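Below is one structure, written out as C-alpha cells; the observations come after it.
A quick note: this is a predicted structure, and the numbers were derived from the prediction, not measured. Atoms within each ligand, like the ligands themselves, are counted from 1 in listed order.
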Amino acid sequence: MTACQVVNPATAEVIRTVELTSAEAADAAIERASAAAPSWRAVAPGDRARLLRRFADAVDADLENLAQLEVANSGHPIGNARWEAGNVRDVLHYYAAAPERLIGKQIPVPGGVNITFAEPLGVVGVIVPWNFPMPIAGWGFAPALAAGNTVVLKPAELTPLTALRLAELAREAGIPQDVFQVLPGKGSVVGRRFVEHPAVRKVVFTGSTEVGKQIMAGCSQQVKRVTLELGGKNANIVFADADLERAAATAPYGVFDNAGQDCCARSRILVQAEVYDRFMELLEPAVKGVVVGDPGEESTEMGPLISAEHRASVAAYLDGAAPVAFTGSAPEGPGFWFPPTVVTPRDVTDPLLTEEIFGPIVAVVPFSDEAEAIALANDTEYGLSGSIWTSDVGRALRVSRGVEAGNLSVNSHASVRYWTPFGGFKQSGLGRELGPDAVEAFTETKNVFISTEGNR
Ligand code: NDP
C-alpha cells in the first residue's frame, strides 16, 4: 500500500495521510461488489428506499462535520460546504423515492403478454473529481443504489476525506459494506480498473474532457455503459435591455463561485456593445467586493485554488497578451490563493476564450446583436451551461434555443437543481445526471413475451 498526503489548500499544511488502493485491492473490491449485487437487487423496493432514507438522515446528522471536512480538504467556504453536504442528503432522499417507482410497461401484442423490466446493471464505478467531492459523488451513487446496483467510488486523490466519511455513514445507516465501497487512489490505478474490469458494468465519470475521452475509449472495448460530465467554457450573455445592475452584481458569483473551479463557471461574459462600458463600470466594484479569504469564516465568498500545481496552471493563462482590466484581492499565502481577475482579450482564438481555465479568471467581450451573441456563445467545443440576461421574453427563448448547451438560466446563474436534468452538449459530456430520468440510466430494459396461445 502507498499513501498520499492530504493538504489543506488554504494553509498548504498536510492534514491527513490516506492509504491508496492498489490495482489488486481495487479488483478485490469490485469482485466483492459483484458478489453483493444479487442480494442488493433482491432487497424489497420499500426496504431499499428505507435504507437510502436512513443514509440521508445520517448525512443530515453529520452535516456540520462533513462541511468542516470539506472546508479543510477543499478550501470551500463553509456556507458552500454546508450546501454541498445538504445536496448529498437531498439527492439521497430524492432517489429514495425511486425503487418503488421503477416500473416496467405492459405492451399489447397478439398471442400473449409483453412486459418490460428495469433491471439493475450490476456494479457501477463512480469516478469523482476534486472540485465538488460531495455532490458529484452523490449524483452518481444515489440513483445507482436506488436502481439496485452496487457501487465502487473513487474520490479524487486530492480530496478523499468526505467520500470516506460518506462510506462510514452508509454503513451506520445499514447499507451493507460491499454494496457501497469508497476506494481512494489514483485515477491511473483505481479509475483504470473501473474501466477495464469486466464486472463493472457502467462508469460514471466527472472530470476533464481529456480523461473523459480516454474513459470512453476504454469502456468501448467492452461496450461498457458510460456517463460523462466534462468541461465547460460557458457564456454569460448580457443584452442591452437587461437589468444591468443585477447582471453585473451577480456576474462574479456566476464565475468565481468555488474559485472558478466549476464546470458551470460562466468564464466568458458577452456584453452587447452599447452597454459594454457601463457594464464594466458596474462589474469592477462587484469583483473588488468578492470576499476572498479563510474558508472557515462565515462571510467568506471565495477560497483558495486546490493545489500549487493548479494555481500555476491558472496563472499561466495571464502570460499572454490579453489585458487585465481589474482584479479583486486575495491573501498572500501560505495557501494556493489567486485573486478574482477580469481580462479583455481582443482575439477570439485567445486560450482565455477557448480553454477551460478552472480558476477565477473571466474574459469579457462585446457583441453587436443576437445572432453574434449566439455565434460567440457556440464558438467552443464545449456545451455545458450558460446565462442569458434580458428583459425580453421572446429573446430569452430564442437565445436559449440557439445556444448549444445542456443547462441555461435566464436572468440567473443557477445550474444545478437535483430534481432537474444536468449534463452537456458536444464535448461537455454524454448522458444526463439528476432529475427524474437519471435512475433509468442505471438500468437495462428487459423485454419479456409470455405466450398465452401456444404459438412459437
Ligand atoms: P481529471 O480529469 O484528471 O480527474 C478527474 C478524476 O478522474 C479524478 O478522480 C482522477 O483521479 C480520475 N482519473 C484521472 N485519470 C484517469 C484515468 N486514466 N482513468 C480513470 N480515472 C482517471 O481532472 P484533474 O483533476 O487533473 O483536473 C484537470 C482539469 O480538468 C481541470 O483543470 C479542469 O479544467 C478539468 N476538470 C473538470 C471538472 C469538471 O467538473 N468538469 C472536474 C475536474 C477537473 P486522480 O485523483 O488520480 O487525479
Side-chain angles (χ1 to χ4, degrees), residues 2 4-7 9 18 20-23 26 73-74 84 125-137 139-140 152-161 163 182-197 200 203-219 221 224 226-234 257-265 267 305-317 336 338 351-352 354-361 380-385 406-407 415-416 422-424 426-430 433:
T2 49
C4 77
Q5 294 187 321
V6 177
V7 172
V18 169
L20 297 180
T21 310
S22 65
N73 190 172
S74 302
E84 291 160 24
V126 181
I127 302 175
V128 180
W130 46 260
N131 60 332
F132 288 108
M134 281 192 277
I136 291 173
W139 304 352
V152 284
L153 182 144
K154 192 202 91 63
E157 199 185 339
L158 294 171
T159 56
L161 299 189
V182 170
L183 311 176
K186 289 188 182 298
S188 56
V189 178
V190 181
R192 193 166 166 187
R193 292 312 298 148
F194 291 4
V195 172
E196 291 178 353
H197 198 299
V200 176
V203 174
V204 179
F205 171 81
T206 305
S208 61
T209 294
E210 191 190 334
V211 174
K213 287 176 185 172
Q214 292 169 24
I215 304 258
M216 193 171 172
C219 286
Q221 297 306 306
K224 194 173 280 193
V226 63
T227 296
L228 303 171
E229 297 293 355
L230 309 175
K233 190 68 190 172
N234 313 294
D257 194 43
N258 207 27
Q261 302 167 123
D262 181 348
C263 48
C264 290
S267 54
L305 294 174
I306 192 66
S307 67
E309 190 190 7
H310 186 55
R311 182 176 58 181
S313 97
V314 170
Y317 280 95
F336 314 125
F338 199 93
L352 287 160
T354 59
E355 294 182 15
E356 182 178 48
I357 300 169
F358 230 55
I361 300 179
T380 164
E381 66 194 28
Y382 297 113
L384 190 56
S385 69
N407 296 82
S415 295
V416 172
F422 177 75
K426 300 194 285 188
Q427 294 192 34
S428 284
L430 187 70
E433 295 190 290

Applying salt bridge (Lys or Arg N to Asp or Glu O under 4.0 Å), can you list everything that pairs with E196, at least two apart in sequence or on another chain?
R192, R193

If we ignore angles and hydrogens, is there a donor and acceptor under 3.5 Å between the side chains of S415 and N407?
no

Can you pull every nitrogen or oxygen pair between ligand 1 and the protein closer than 3.5 angstrom?
from     : atom 1 : to   : atom 2 : distance (Å)
ligand 1 : 2 (O)  : S208 : N      : 2.8
ligand 1 : 2 (O)  : S208 : OG     : 2.7
ligand 1 : 9 (O)  : V128 : O      : 2.8
ligand 1 : 9 (O)  : K154 : NZ     : 3.1
ligand 1 : 11 (O) : K154 : NZ     : 3.0
ligand 1 : 11 (O) : G187 : N      : 3.3
ligand 1 : 19 (N) : G187 : O      : 3.3
ligand 1 : 25 (O) : W130 : NE1    : 2.6
ligand 1 : 34 (O) : E356 : OE1    : 3.0
ligand 1 : 40 (O) : N131 : ND2    : 3.2
ligand 1 : 41 (N) : G207 : O      : 3.2
ligand 1 : 41 (N) : L230 : O      : 2.7
ligand 1 : 46 (O) : K154 : NZ     : 3.1
ligand 1 : 46 (O) : E157 : N      : 2.6
ligand 1 : 47 (O) : G187 : N      : 2.6

K426/E381 ion pair, N-O < 4.0 Å:
no

Is any side-chain heavy atom of S307 less than 4.5 Å from a side-chain heavy atom of V7?
no

Backbone N or O of F358 within a donor-acceptor pair of the H310 side chain at under 3.5 Å?
yes

If you measure from CD1 on I215 to CZ on F205, what distance do you get to the nearest 0.5 Å?
5.0 Å

